[in-house]
Amino acid sequence: MSKNFDVVVIGGGPGGYIAAIRAAQLGLSVAAIDSWQNAKGGSALGGTCTNVGCIPSKALLQSSEHFEMAGHGFAEHGIGVEGLKLDLAQMQKRKDKVVQQNNDGITYLYKKNKITSFLGLAAFVGKAEGGYEVKVTRAGAPDESIVGKHIIVATGSNPRALPGAPFDENLILSNTGALAIGAVPKKLCLVGAGVIGLEMGSVWRRLGSEVTVLEALPAFLGAVDEQVAKEARKAFDKQGLSITLGVKITKVTSGKNEVTVEYDDADGKAQKGTFDRLIVSIGRVPNTDGLNVVAVGLSIDERGFVVVDGDCKTNLENVWAIGDVVRGPMLAHKAEEEGVAVAERIVGQKPHVDFNTVPWVIYTHPEIAWVGQTEQALKASGREYKAGSFPFMANGRARALGDTTGLVKVIADAKTDEILGVHMVGPNVSELIAEAVVAMEFKASAEDIARICHAHPSLSEATKEAALAVDKRTLNF
Ligand code: FAD
Ligand code: NAI
């Protein structure tokens, strides 16, 4: 016999679990299905983000940053460290504990919100009286059948492999293997200088690997504001992250303990390198595996994304899709916003998700963060703008921290002064970007930020000064 719910959420990542919680808060009966299992076979809620994405990567970034500081940063502060050593097993254990705390947190939230949780793979069976029937299967457990009046598909994404080089998670690693390496590789290659490439490259370089990053595009971080990307590149070069642009990978061959990568460089010359490990971070593909979309005729586009409109409605009545499995940036907070909005639409509310104010953060050192439009995009669109920037070198707090790399840049409309984009590279900009997001959501002008009192000494003063720079009147530079 099947169980009936107002809402069935498929996927327990940041899109799905937040949608489930919001739907329950709104008084709907909710079933939430997720297939992620921990090493003991139990459920591990939180999806890619919690298990092999945002959370474990930030745990390792933090630990490796401490290691680098102890080895190379403390001396300047007059702190000597003797006998420094790396206990990678402990570092990984701590990361696993952080992941588990997050898994447990979501399990608790499901209970608190009276969400019925199912562990297993969900597949559409077909239309049923009162909605859609979904079957949940798991090895060693009986199949279960659920009917949802509304279905929210939040099945996320999977890493894209290089043609002819499938992931073995031993020598050729996706994000999953990259976060679980047990011994620091002497020579590490990353294909793809995107967000994962730079974050994972930073972790392993700090821990002692010689890191080579091979990127297909001729420009470094093409989606990032050019001024910021240039500043970040300078910092990464100085750190010893070897980044080669414009390459074409031609062959990957796994040996017993090493992997050989052959590629044509930007001049078309054949090159070859042998590495202890290869991390492939060339983007992710939407995941609809096992969903049996044909049973209900759910539309999927040629790239594998579930087709949705601006409100996350699919081609089927009362079937919604959110997060990485639909168009838009593959970010946890974007998935969450869509999850909340869909739950609210189900009960007839009229929420709005503004894609123009979705912030991006790359958690390298220096950090990179932005919201809104880049200068090059504005130039290309012909929109008239004014831009102002302020270097952390001239910020008192940054000097006291001993972390003066980078800048804040504010771009505003030439006539109205409305902020169109804010771009940052430097210390703690992952936190500073929130002010810019709020400002843009409230349609603030650069002058609004310039007139707001910011605490002294704080890194946030760089944002105020960059806003002043739009009007060419910085006070401290
Ligand atoms: P997912 O998190 O992928 O969750 C989908 C869930 O659905 C999974 O648990 C999956 O097992 C389950 N599932 C799939 N199919 C079925 C099925 N048929 N039945 C039942 N369950 C199913 N984003 C950020 O914003 N900040 C970051 O710092 C960040 N860091 C990242 C670092 C790495 C290394 C990676 C790989 C990604 C990172 N991301 C980050 C991206 C972020 O993880 C994703 O954007 C986010 O997880 C998408 O959420 P989602 O809910 O759409 O899907
Ligand atoms: P990405 O899209 O950020 O970067 C992929 C890079 O690989 C691009 O620069 C691309 O040009 C390059 N590339 C593609 N094919 C290639 C090839 N054959 N050879 C060489 N280079 C090639 O994707 P990435 O790093 O895999 O991450 C996936 C997504 O996960 C990100 O786009 C982001 O949405 C999310 N993420 C977010 C993080 C954050 O918010 N801090 C951290 C990590 C991931």
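Read the numbers this way: they start at 1 and go in the same order the structure lists the ligands and their atoms. This chain uses plain numbering: 1 for the first residue, then up along the sequence.
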Legend entry - Any Lys58 heavy atom less than 4.0 Å from ligand 1: yes

Inset, instruction - Just go through Ser281, Ala216, Pro359, Gly246 and tell me whose heavy atom is the nearest to atom 21 (N) of ligand 2. - result: Ala216

Legend entry - Option with minimal heavy-atom separation from atom 45 (O) of ligand 1, where the choices are Asp324, Ile362, Val9: Asp324

Inset, instruction - Could you pull out, from Gly11, Pro329, Gly13, the option with a heavy atom nearest to atom 4 (O) of ligand 1? - result: Gly13

Inset, instruction - Heavy-atom contacts with Glu199 under 4.0 Å: which atoms of ligand 2 show up? List them by number with element. - result: 41 (N), 42 (C)

Legend entry - Whether Phe124 and Tyr132 hold their rings parallel, tilted or perpendicular, with breakpoints at 30° and 60°: perpendicular

Legend entry - Within reach of ligand 1, part of Ala154 (heavy-atom separation under 4.0 Å): backbone

Legend entry - ligand 1 versus Ala178: contacting region, heavy-atom distance under 4.0 Å: neither

Legend entry - The one among Ser157, Gly53, Gly194 that brings a heavy atom closest to atom 1 (P) of ligand 2: Gly194

Inset, instruction - Could you tell me whether Leu121 approaches ligand 1 through its side chain, its backbone, both or neither, with non-hydrogen atoms closer than 4.0 Å? - result: both

Inset, instruction - Go through ligand 1 atom by atom and flag the ones less than 4.0 Å from a non-hydrogen atom of Asn287. - result: 14 (C), 15 (N)

Legend entry - Nitrogen or oxygen atoms of Leu162 and ligand 2 under 3.5 Å apart: no

Inset, instruction - Considering only NZ, NE, NH1 and NH2 on the basic side and carboxylate oxygens on the acidic side, decide whether Lys269 and Glu262 come within less than 4.0 Å. - result: no

Inset, instruction - Select one of side chain, backbone, both or neither to describe which atoms of Ile196 lie under 4.0 Å from any atom of ligand 1, heavy atoms only. - result: side chain

Legend entry - Any N or O of Met330 closer than 3.5 Å to N or O of ligand 1: yes

Inset, instruction - Could you see which bit of Arg284 sits under 4.0 Å from ligand 1, with heavy atoms only: side chain, backbone, both or neither? - result: side chain

Inset, instruction - Find all atoms of ligand 1 within a distance of less than 4.0 Å from any non-hydrogen atom belonging to Trp36, and give their numbers and elements. - result: 8 (C), 9 (O), 11 (O)

Inset, instruction - Only heavy atoms count here, so choose which of Val361, Val285, Ile196 is nearest to atom 41 (N) of ligand 2. - result: Val361

Inset, instruction - For ligand 1, indicate whether the residue Val325 contacts it via side chain, backbone, both or neither (heavy-atom separation under 4.0 Å). - result: neither

Inset, instruction - Using non-hydrogen atoms of the residue, decide whether Gly283 is closer than 4.0 angstrom to ligand 2. - result: yes

Inset, instruction - Using heavy-atom distances, let me know which of Ala44, Cys54, Ala122 sits nearest atom 18 (N) of ligand 1. - result: Ala122

